[in-house]
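The structure appears right after this line, and notes come after that.
Keep in mind that the numbers below use all heavy atoms, side chains included, and drop hydrogens, waters and symmetry copies. Lettering of chains follows the sequences in order, A, B, ..., and the numbering in each one begins at 1.
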Number of protein chains: 2
Amino acid sequence: MEGKKVTLRDLALKAGLSVNTISRALKDKEDIALSTRKTIKDLAKEMGYVGNALAGSLRSGLTKTIAVIVSDVANPHFGIMVKDIEKSARKHNYTIFVINTEDEHEMEERAIYTAIGKNVDGIIICPSQRSAETIRILKKNGVPFVLIGRRFEEEPDFDYVICDDEKGGYLATKHLLDNGHKRVLFLNGPDRISSARERLDGYRRAHREAGLPVSGELIIEVGASAGDTRQIVKGLIERKADFTGLFAFNDVIAWEAAYVLQKYGFRVPEDYAVVGFDNIQSRLFIPFQLSSVSNSKGKMSKRAVDIVLHKINHPDSRERFREVIDTTLILRESTK
Amino acid sequence: MEGKKVTLRDLALKAGLSVNTISRALKDKEDIALSTRKTIKDLAKEMGYVGNALAGSLRSGLTKTIAVIVSDVANPHFGIMVKDIEKSARKHNYTIFVINTEDEHEMEERAIYTAIGKNVDGIIICPSQRSAETIRILKKNGVPFVLIGRRFEEEPDFDYVICDDEKGGYLATKHLLDNGHKRVLFLNGPDRISSARERLDGYRRAHREAGLPVSGELIIEVGASAGDTRQIVKGLIERKADFTGLFAFNDVIAWEAAYVLQKYGFRVPEDYAVVGFDNIQSRLFIPFQLSSVSNSKGKMSKRAVDIVLHKINHPDSRERFREVIDTTLILRESTK
DNA sequence: TTGTAAGCGTTATCAC
DNA sequence: GTGATAACGCTTACAA
């Protein structure tokens with residue numbers, strides 16, 4: 001019962017037909033007698049034939065595979081996106097490779113080479129580096145790809161799907177300022193990624209419109225790795241930093257900050273009002289009512305798949321995709 | 001600049017050498033002159049050669065790919081495991097396919113066929129069905145695999161890595177009973193999966209030891225899909241179900257239950273004490289101090305990769321892996 | 001309606 | 001040291 005994989009050749013020998021006939025029969029080609037098709041299909045099932053997509057891919061040049069390159073699937077934001085992407089892709093008979101880069105340059109490069117080497121038909125990538133250099137490798141190799149969540153200003157040629165980060169940053173900050181928080185701490189992501197820079201633009205615009213100054217010491221970059229935020233917030237509390245509003249680059253950071261605030265006996269929103277980004281609460285019901293900027297992960301994921309498939313299926317199309325999906329602020333108790 | 005993929009043949013033509021020599025030079029084989037190796041490697045870099053793993057795989061029979069089949073990467077529990085698995089696998093130069101089954105039979109079967117068809121070298125799967133039938137397909141096709149998180153009592157031949165679910169269920173329940181909660185609601189996972197059955201065994205043992213009866217109406221199965229739990233807990237609250245302790249099959253369910261309790265104005269732990277399972281808090285700092293059973297996801301993931309690689313590299317080994325990783329109860333404020 | 005031959009890009013084997 | 005040849009399992013084109 002246990003065994004080697006059954007090949008077309010095995011079926012051919014057993015059936016006394018040529019490999020070719022078997023292949024065509026299994027694909028239900030018209031030019032094979034109906035009766036033969038039936039016999040062969042039954043035999044295939046009986047022998048547990050599964051087929052070697054590899055060999056077919058080598059010939060056809062298509063692997064029906066998409067690589068998804070993100071910094072970290074353990075972050076629910078990416079976990080949710082990867083799930084949605086996989087789901088969309090599966091509908092079109094595509095399988096996905098998932099590669100984490102941990103936001104590191106070298107890993108991103110390796111991920112890209114791995115994907116190309118495995119002959120994926122397309123790539124959906126959330127780039128983590130400032131330079132577009134790594135991504136250019138894809139262009140050079142003629143691999144269809146689309147950026148998700150981040151973009152490169154200097155490369156208008158790269159297709160992308162992002163959310164309106166500037167608006168999100170603006171809405172979150174404005175809400176805090178409107179609620180009387182004159183000093184809003186911004187725990188931002190690394191400056192090298194576009195979404196962090198654009199959210200900061202929004203943060204600045206809100207201050208400008210409110211006629212309030214932006215103090216540099218309230219804008220702090222936190223690393224992507226879990227735990228980093230805790231140290232920083234601890235430090236801020238201990239040196240009694242002056243702020244009452246807190247806007248975080250993403251929900252994970254916001255949670256972590258609120259976690260530390262709670263540990264120190266502060267209450268949210270009474271002592272500190274907190275706003276996150278990603279609105280993970282829409283998919284995971286956490287018993288902490290975090291106000292957050294919603295960026296329609298589902299929509300972004302679906303568009304990314306559509307775009308990359310479009311590029312796979314229309315390699316000569318010169319169409320460009322630069323999609324910015326709307327963001328909205330979802331208010332909950334963390335900023336009551 | 002944009003272009004077709006460069007092949008060994010292209011390099012060979014350019015260099016005036018045979019395809020074979022190029023191949024061996026790139027792999028740093030001793031039998032190629034050092035100078036030639038250098039020239040060729042430089043040329044490869046210059047021309048942007050990436051190599052077609054597909055073709056190599058067809059020949060070697062190895063794809064350096066592992067499929068990871070889980071119900072849902074958007075659940076942080078799986079997101080974290082997939083991340084850990086990817087990381088371990090990457091260290092050994094393996095890439096992972098991720099396929100979600102949404103806990104559905106048909107999708108699980110499809111996932112398995114897809115994985116086999118893509119010639120993965122091995123599979124790590126968290127099976128979602130009662131019957132081991134689908135998994136047997138793997139045996140039949142001779143694909144090395146290991147179960148993670150769940151097992152089949154009737155198939156002692158399947159290797160697995162699980163956590164001590166019975167003990168986890170026992171510890172959580174005992175803790176609640178010890179704290180005076182005579183009626184402990186158990187929001188369990190579907191009975192068709194082994195971990196749910198074993199956690200229930202633990203729940204029962206704790207009651208037995210405490211000399212308390214187990215009431216059937218306190219054991220409720222909740223679906224895997226987010227949102228399901230909310231309806232159920234709402235219903236329980238509205239018909240004033242009699243319980244003060246709550247043990248959930250996983251943290252996601254526990255959060256969701258606590259979420260609803262909070263919405264109804266109840267406090268945790270003053271009104272209801274809540275214990276989860278998975279201890280996601282160890283990786284994600286949520287500002288809700290949920291007591292939870294820790295199951296060492298990192299250890300499980302790592303072992304699963306080690307085992308599947310071992311099976312890939314020693315196809316004839318008859319060694320059997322049945323690993324049960326210890327569980328511990330981590331106390332936090334949700335059960336103070 | 002079915003079979004034959006070539007080829008996809010590599011790697012393994014053996015000869016030069 | 002390097003090159004020629006076959007092979008991996010399948011598909012496409014064409015012949016029978």
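Using modelled atom types, one side-chain atom of B:S301 and one backbone atom of B:K297 make a donor-acceptor pair closer than 3.5 Å. At distances below 3.5 Å, not a single donor-acceptor pair connects side-chain atoms of B:S23 with backbone N or O atoms of B:V19.
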Protein and nucleotides 10-12 of chain D: nitrogen or oxygen contacts under 3.5 angstrom:
from	atom 1	to	atom 2	distance (Å)
D:dC10	OP1	A:Y49	OH	2.8
D:dC10	OP1	A:N52	N	3.4
D:dC10	OP2	A:L8	N	2.7
D:dT11	OP1	A:K27	NZ	3.3
D:dT11	OP2	A:S23	OG	2.6
D:dT12	O4	A:N20	ND2	2.5

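A:S18 and A:T21 share a side-chain donor-acceptor pair at under 3.5 Å. Between B:H314 and B:E319, the side chains place no donor N or O within less than 3.5 Å of an acceptor N or O (distance only, hydrogens not considered). A donor-acceptor contact closer than 3.5 angstrom links the side chains of A:E108 and A:S128. Judged purely by distance below 3.5 Å, without hydrogens or angles, the side chains of A:T63 and A:N119 never pair a donor atom with an acceptor atom.
Checking each of B:R90, B:R283, B:K302, B:K91 against B:D84 for a salt bridge (Lys or Arg N to Asp or Glu O under 4.0 Å) leaves exactly one that passes, namely B:R283.
With a cutoff of under 4.0 Å to any heavy atom of chain A, the contacted region of DNA chain C is bounded 5' to 3' by C:dT1 to C:dG9.
Between B:D159 and B:K311 there is a salt bridge, since a side-chain N of the basic residue sits under 4.0 Å from a carboxylate O of the acidic one.
Of all heavy-atom pairs between A:R37 and A:I32, the closest is NE-O, 2.9 Å.
What separates NZ of A:K5 from P of D:dG9 is a distance of 10 Å, to the nearest Å.
Applying the 4.0 Å criterion to OP1 and OP2 of D:dG3, one finds that B:T21 has a side-chain N or O inside that range.
Nucleic acid contact for B:L54: none, since no nucleic acid atom lies under 4.0 Å from a heavy atom of the residue.
For DNA chain D, the residues of residues 32-42 of chain B within the heavy-atom distance limit of 4.0 Å (strictly under) are B:I32, B:A33, B:T36, sorted by number.
In this structure, A:F158 and A:F145 have perpendicular ring planes: the angle between them is above 60°, well past the 30° mark.
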